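Worksheet: the structure to be examined is printed underneath.
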Number of protein chains: 2
Amino acid sequence: MDGSTPISFMPSCPAVPAGAPIACDRCPTRAASLCRLLDRRDLERLFPHGPRVQLCRAGTMLFRQGEPVQSVFILKSGWIATYKLFENGQRQIIRFALPGDLLGFEGSEAAGMTCSAEAITDVALCRIRHSLFFRVCTASPQLAMSYAGTLTREVLSAWNHLGAVGQQPALGRVANLLLDLHRRVTALEALPDSAPHGVHDGIRDGIMDDIAVPAVHLPISQIHIADATGLTSVHVCRTLKQMRAMDLLDFQKGRLVLLDPDRLAEIAQLDPDRPVGALPPPAPWAVA
Amino acid sequence: MDGSTPISFMPSCPAVPAGAPIACDRCPTRAASLCRLLDRRDLERLFPHGPRVQLCRAGTMLFRQGEPVQSVFILKSGWIATYKLFENGQRQIIRFALPGDLLGFEGSEAAGMTCSAEAITDVALCRIRHSLFFRVCTASPQLAMSYAGTLTREVLSAWNHLGAVGQQPALGRVANLLLDLHRRVTALEALPDSAPHGVHDGIRDGIMDDIAVPAVHLPISQIHIADATGLTSVHVCRTLKQMRAMDLLDFQKGRLVLLDPDRLAEIAQLDPDRPVGALPPPAPWAVA
DNA sequence: CGAAGCCTTGATAGCGGTCAATGTTTGTGG
DNA sequence: CCACAAACATTGACCGCTATCAAGGCTTCG
């Protein structure tokens, strides 16, 4: 591969013009511990010609259920949904990937990819061939354990999701999902050099609280919520209406405002905080 | 720690009398790739005084939701269920751990354990302190990647489970679960030196098939199935009855017979095969 | 301005939950 | 060996949460 050759593996994915390569310590978001742990040697092995970023438009399929395993992706900006399709035409959204998250490990040699991935917004991501990624991981225990940490967080998240979908009524499921997304978006925005993905308005509401209630932007529709929670969009609409009436939260046009976080947390029964960026200590070079 | 000191971290867990320590390459089951990859040096670090096995009675809690993270367990024999409890008293079984499976990574420093684990049958397991486990993994990239492989399989399993619970009706959920367990038990029994955990009867049924239909033993109740699938035990009972009437499968008193695997697979829409023991190439010493 | 996609709302129906009673199995102690 | 209790399985009656169907409104975009 030549450093000046633009990568283009999908028609609707215009490659970034191969100019100044975007180094990973200039990563717009550092949510993924991977980003924190990749040292220069790792980087050189992963990106022999400098890391490059691909851009994809909203709606692009990054991979499809059943395809052979090929690449892992580090999401740099934008949102991606992974989901399973069923024969009756329904789909289950498995997870929402946010900037810093890792994708492409949702398969095995034997079975191929078990999910499809679709860009919800325009996205930018780094693509790494599986073979290369695993070779580098195998050579760097720190990186391997960082990868393991990422996987662990995905498992915990999946189990939380499973608990909500399996045992909670509509109200709890929606609360669980929105609270989780809110937490993640907020954590992203708190990162030092993050691009402003969310809208902070500092709205004050009727609640007798001395702190402003911030609104965050979630680029998802009620249909996404429905497919993620195992409900129908019609019922999600009714549930959101109910939550508004209960002064729990307000979600309209992608604007989420938590009106009563405490009561919401009780309803959602979300796992306690999993700090997004705090788990592994940052590598020495990343501290500077 | 002295090699002759029996480990006893739970009242109802009689420690194995410290006799000949059970080496990991004598592992009764080798489902976990971890077991395959642990080389002698790893073993010595993990078990400075020789690996030992603890026995626990059915019903023992191995860890509880909210507890601080302490130990990792490699299950040697028996079944364990991990689950989340909700405030309304319901529980969601997250997964069934079978011999060879790894437990104890279901938490983080920040949040503690996010699940509880209870022995369904009498079990035997190796306990490893977290700090030690991660130290050894960090020192051995192969082991770290093996750990990552285990985590990946857990993620894929969780996502499959999530898809079933989120989008499939009762029939599909039960089919999905039983098919998955059947596959795993069968894979275990196929291992060279596995203890006979299942009952092979080679029953021939009305189906015009030239191979006998084997029955496997699943040590779970309809209540377990209900808690895992997000149904009630009453409805699981009805669903099993229906499946019997449809000549799909027969599950009674822990005896599972698949009568029509093809139709079942279609109903379950389970992910394609994830070979349990086949993923990582066995370490050289394990081949002998 | 028309089309497409999403949101909203109402009416109706069904899957699966709840409640309750009974049967079956297993284990324990007399 | 029997009595009894506990846990699980089974069945029926009834109900509620959520799906389905359908129609109309709102935005966005070409």
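Note that this is a predicted model, so its numbers are computed, not measured. Convention: sequence-line order gives letters A, B, ...; per-chain numbering from 1.
I220(B) has its CD1 atom 10 Å from the P atom of dA9(D), to the nearest Å. Rounded to a whole Å, the CD atom of Q168(A) is 15 Å from the P atom of dG17(C). Per the geometry, CG belonging to L231(A) stands 14 Å off C1' belonging to dT20(D), to the nearest Å. Rounded to whole Å, the distance from CG on D227(A) to P on dC6(C) is 11 Å. Atom NZ in K253(A) sits about 7 Å away from atom P in dT28(D), given to the nearest Å. In this structure, CD1 of I225(B) is placed 14 Å from P of dG17(C), rounded to the nearest angstrom. For N88(B) and dG16(D), the CG to P distance is 18 Å, given to the nearest whole Å. Whole-Å rounding puts the R255(A) CZ to dC6(C) P distance at 21 Å.
Close to dT10(D), at under 4.0 Å from its OP1 or OP2, lies a side-chain N or O of Q222(B).
Counting only heavy atoms from C-beta outward, the side chains of H161(B) and R95(B) never approach each other to under 4.5 Å.
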Can I220(B) and I225(B) be said to form a side-chain contact (heavy atoms from CB on, under 4.5 Å), step by step?
CA-CA 7 Å; I220(B) 59 174; I225(B) 298 178; 3.8 Å; yes
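Side-chain proximity of R238(A) to dT18(D), dT18(C), dT9(C): nearest is dT9(C). For Q252(B), counting side-chain heavy atoms from C-beta on, the closest listed nucleotide (dG17(C), dT20(D), dT10(D)) is dT10(D). Of the candidate nucleotides dT11(D), dT18(D), dG17(C), dG17(C) has the atom lying nearest to any side-chain atom of T232(B). The listed nucleotides are dG16(C), dT18(D), dT9(C); the one nearest the side chain of K241(A) is dT9(C). Each of dG16(C), dT11(D), dT9(C) was ranked by its minimum atom distance to the side chain of C237(B); first place goes to dT11(D). The side chain of I223(A) lies closest to dC6(C), out of dC6(C), dG16(C), dT18(D). Taking only side-chain atoms of S221(A), from C-beta outward, the nucleotide of dT18(C), dT8(C), dC7(C) with the closest atom is dC7(C). Residue H235(A) has its side chain nearest to dT18(D) when only dT11(D), dG17(C), dT18(D) are considered.
Contacts of G254(A) with the nucleic acid, taken as non-hydrogen atoms under 4.0 Å apart, are absent.
A salt bridge links D271(A) to K84(B): at least one charged side-chain nitrogen sits closer than 4.0 Å to a carboxylate oxygen.
The closest donor-acceptor contact from the side chain of Q90(B) to the backbone of Q167(A) lies under 3.5 Å.
Taking 3.5 Å as the limit, the base of dG16(C) and the side chain of R173(B) contain no donor-acceptor pair of atoms between them.
The two residues G166(A) and V165(B) make their nearest non-hydrogen contact at CA-CG1, 3.6 Å.
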